[in-house]
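Every chain is numbered from 1, with letters handed out A, B, ... down the list of sequences. The analysis underlying the following values was restricted to heavy atoms, covering all of them including side chains, and did not include hydrogens, waters or symmetry mates.
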Protein chains: 2
Amino acid sequence: MTCKQDLHNTLALVAQGLANGHRLTLLEHLAQSEASVERLANLADLSVGNASQHLQQLRRAGLVTAQRDGKQMFYRLTDERIITLLTLLRQIAETNLAEMERLLARLFADENASGEIKAMSRVELQAALETGEIALLDVRPQSEFAAGHLPEAINIPIDQLETMLTLLPRDKEIVAYCRGPYCVLSHEAVKKLRALGFKVRRFEEGFPEWKAAGLPVQRMELHS
Amino acid sequence: MTCKQDLHNTLALVAQGLANGHRLTLLEHLAQSEASVERLANLADLSVGNASQHLQQLRRAGLVTAQRDGKQMFYRLTDERIITLLTLLRQIAETNLAEMERLLARLFADENASGEIKAMSRVELQAALETGEIALLDVRPQSEFAAGHLPEAINIPIDQLETMLTLLPRDKEIVAYCRGPYCVLSHEAVKKLRALGFKVRRFEEGFPEWKAAGLPVQRMELHS
DNA sequence: TTATCATTCTATCAATTAATAGAATGATGG
DNA sequence: CCATCATTCTATTAATTGATAGAATGATAA
């Protein structure tokens, strides 16, 4: 009987890895690409020491692995399934927690206010990519784009959007995506581009979910 | 920026529901059927007060709902997806935590020791049920069987197994199942029945996983 | 209404966790 | 070998969590 309790305690250890907002933020960034402790600390707005400890807790929980490369320690998700786990957690939270709805309403405020077009689902996006009827825009930072992106996507980091408008078509609908459903980058991009007269909508998920679904991704070759 | 952190904190709240061995035990039992606080406290070997508090934490996490019926409060899972979430958590733990392997090795000790036949997968079981080549044995307590079970299953609670052997065929292979992969009941049943000369193996999952996969289940009609 | 019973609330204590700063480690490049 | 730099370890603090016992609540049945 103690054996089953031990099993549950060990399982709980994995869940405990997920049971902190900062660690979820770290996981969201790790879902884009592996990264060093320092980079993750910056992205998640944590001190390096604190980030290090959270990452070690994630490692103890079996959610990430670490690998030294020269001076730096690189962390990555152990598993594609962790993205699935996070997605499921998100979906359950969205349907069952009132607080979640309140926060999402705030995030999607612009979108709902003006009776906007709904974000595009993965299935719709797949179909639209095949017919070539849309242009795909990745608004994440260049480094994340380089580590992996959706096929045929153009990369314009959100802070360079205004200066690189010539890369975007006026005759096609544009679909913008970023890190995932809670990432604000694609929301911002849509808002900015709409104001400039582009026909544009969001992909409702992000790169990690696309990849975790087993769909094809591209990587930029780094000229070594 | 604080908004995204809030979202992650709220998501973390759900994960926190899962981040305790006792709560996982409670969820495992709730996956069988809804139950009162007292019943759950007994099943999970907790004091009623303590069980009540854990259940309320699960409720705050959006994992269970409560409904009063007369004097008693009945708790149930909010969602079939929670079983999927638990299964995914388990799978990730099994592949990524050494501790998990150690504990599972202990649980499956008998099975591995004697080079036993592997447990049956869900797909295999589905096929075998269609051809009718096996007999299906549910070794959970009668109340859980009544709340839902696999089609065509015979119910013999584990503690009555020896007294009801006549219900079991000698000419067919028997497949025993119980609450899930970590439940010891079907392991015990297999051990006992093997010793008595039956041809028997385990189903590697349990009733909740079968149900969550959308496969058909039966309920016993309660004559009111 | 009152007695009874299941459940929840409250207060308390011990144990665990998160954040911080500073020391220690360990790899690299001179 | 030594200096440098990224990361991890250590100690400390404040905050949170889990367990317990006993009081309070809320529904039922006499």
Side-chain angles (χ1 to χ4, degrees), chain A residues 2 5-6 8-27 29-30 33-76 99 143, chain B residues 2 5-6 8-27 29-30 34-61 63-76 99 143:
Chain A
T2 184
Q5 202 47 246
D6 287 349
H8 281 154
N9 286 335
T10 309
L11 259 190
L13 210 139
V14 181
Q16 219 159 40
L18 304 168
N20 175 284
H22 292 309
R23 284 197 293 274
L24 290 175
T25 306
L26 289 169
L27 288 173
H29 289 295
L30 283 167
S33 69
E34 59 168 20
S36 68
V37 176
E38 191 185 14
R39 183 169 150 70
L40 288 166
N42 288 335
L43 286 169
D45 197 24
L46 294 170
S47 74
V48 171
N50 198 192
S52 168
Q53 303 217 45
H54 279 304
L55 287 166
Q56 276 168 74
Q57 192 159 346
L58 287 172
R59 191 157 61 160
R60 265 176 270 132
L63 295 168
V64 307
T65 55
Q67 193 182 354
R68 183 173 280 285
D69 179 15
K71 288 184 194 175
Q72 290 180 60
M73 201 66 153
F74 281 86
Y75 280 85
R76 70 177 65 187
E99 173 70 3
S143 64
Chain B
T2 185
Q5 202 47 244
D6 286 350
H8 281 153
N9 286 335
T10 309
L11 259 191
L13 211 138
V14 181
Q16 220 159 40
L18 304 168
N20 175 283
H22 292 309
R23 284 197 291 277
L24 289 175
T25 306
L26 289 169
L27 288 173
H29 289 294
L30 284 165
E34 60 167 19
S36 68
V37 177
E38 192 187 11
R39 185 171 147 69
L40 288 165
N42 288 333
L43 287 168
D45 197 24
L46 295 170
S47 74
V48 170
N50 198 192
S52 169
Q53 303 217 45
H54 280 303
L55 287 165
Q56 277 168 74
Q57 192 160 345
L58 288 172
R59 190 157 62 161
R60 266 176 270 130
L63 295 168
V64 308
T65 56
Q67 194 181 353
R68 184 173 278 285
D69 178 17
K71 288 185 194 174
Q72 290 181 58
M73 203 65 153
F74 280 88
Y75 281 85
R76 70 177 66 187
E99 173 70 2
S143 64

Checklist entry - So what does A/Arg23 hit on the nucleic acid, given a heavy-atom distance under 4.0 Å: a base, only sugar-phosphate, or nothing? => result sugar-phosphate
Next on the checklist: Judged by each residue's nearest nucleotide on DNA chain C, which is more toward the 5′ side, A/His22 or A/Asp69?
Outcome noted: A/His22
Checklist entry - Would you say the base of C/dT16 and the side-chain of A/Gln16 have a donor-acceptor pair closer than 3.5 Å? => result no
Next on the checklist: Quick check for you: among D/dG18, D/dA6, D/dT7, whose closest atom lies nearest to any side-chain atom of A/Lys71?
Outcome noted: D/dA6
Next on the checklist: Do B/Gln72 and B/Phe74 make a side-chain contact, defined as non-hydrogen atoms from C-beta onward lying under 4.5 Å apart?
Outcome noted: yes
Item to check | Closest-nucleotide ordering on DNA chain C, the 5'-leading residue of A/Gly49 and A/Gly70 | outcome: A/Gly49
Checklist entry - Which part of the nucleic acid, if any, lies within contact of A/Gln57, taking any heavy atom under 4.0 Å across all strands shown: a base, the sugar-phosphate backbone alone, or nothing? => result sugar-phosphate
Item to check | Nearest-nucleotide pick for B/Gln56, side chain only, options being D/dG18, C/dA27, C/dT8 | outcome: C/dT8
Next on the checklist: Considering every strand and a 4.0 Å limit on heavy-atom distances, what is the contact class for B/Gln53: base, sugar-phosphate, or nothing?
Outcome noted: base
Item to check | B/Ser52 and B/Met73: CA distance, side-chain angles, deciding distance, side-chain contact (heavy atoms from CB on, under 4.5 Å) verdict | outcome: CA-CA 10 Å; B/Ser52 169; B/Met73 203 65 153; over 6 Å; no
Next on the checklist: Does C/dT8 have OP1 or OP2 under 4.0 Å away from a side-chain N or O of B/Ser52?
Outcome noted: yes
Checklist entry - With respect to the phosphate group of D/dA6, does any side-chain polar atom (N or O) of A/Tyr75 fall under 4.0 Å of OP1 or OP2? => result no
Checklist outcome for this item: Looking only at C/dA6, D/dT7, C/dT8, the nucleotide nearest the B/Met73 side chain is C/dT8
Checklist entry - Of all the choices, C/dT10, D/dT8, C/dT7, which nucleotide is nearest to the side chain of B/Val48 once you look at every atom? => result C/dT7
Item to check | Phosphate OP1/OP2 of D/dA19: any B/His54 side-chain N/O under 4.0 Å | outcome: yes
Checklist entry - Okay, side chain of B/Arg23, backbone of B/Gly17: is any donor-acceptor separation there less than 3.5 Å? => result yes
Item to check | A/Leu11/B/Leu18 under side-chain contact (heavy atoms from CB on, under 4.5 Å): CA gap, chis, key distance, verdict | outcome: CA-CA 9 Å; A/Leu11 259 190; B/Leu18 304 168; over 6 Å; no
Checklist entry - How is A/Phe74 classified with respect to the nucleic acid when contacts are heavy atoms under 4.0 Å: base, sugar-phosphate, or nothing? => result nothing
Checklist entry - Quick one: is A/Asn20 getting a side-chain N or O under 4.0 Å of the C/dA18 phosphate, OP1 or OP2? => result yes
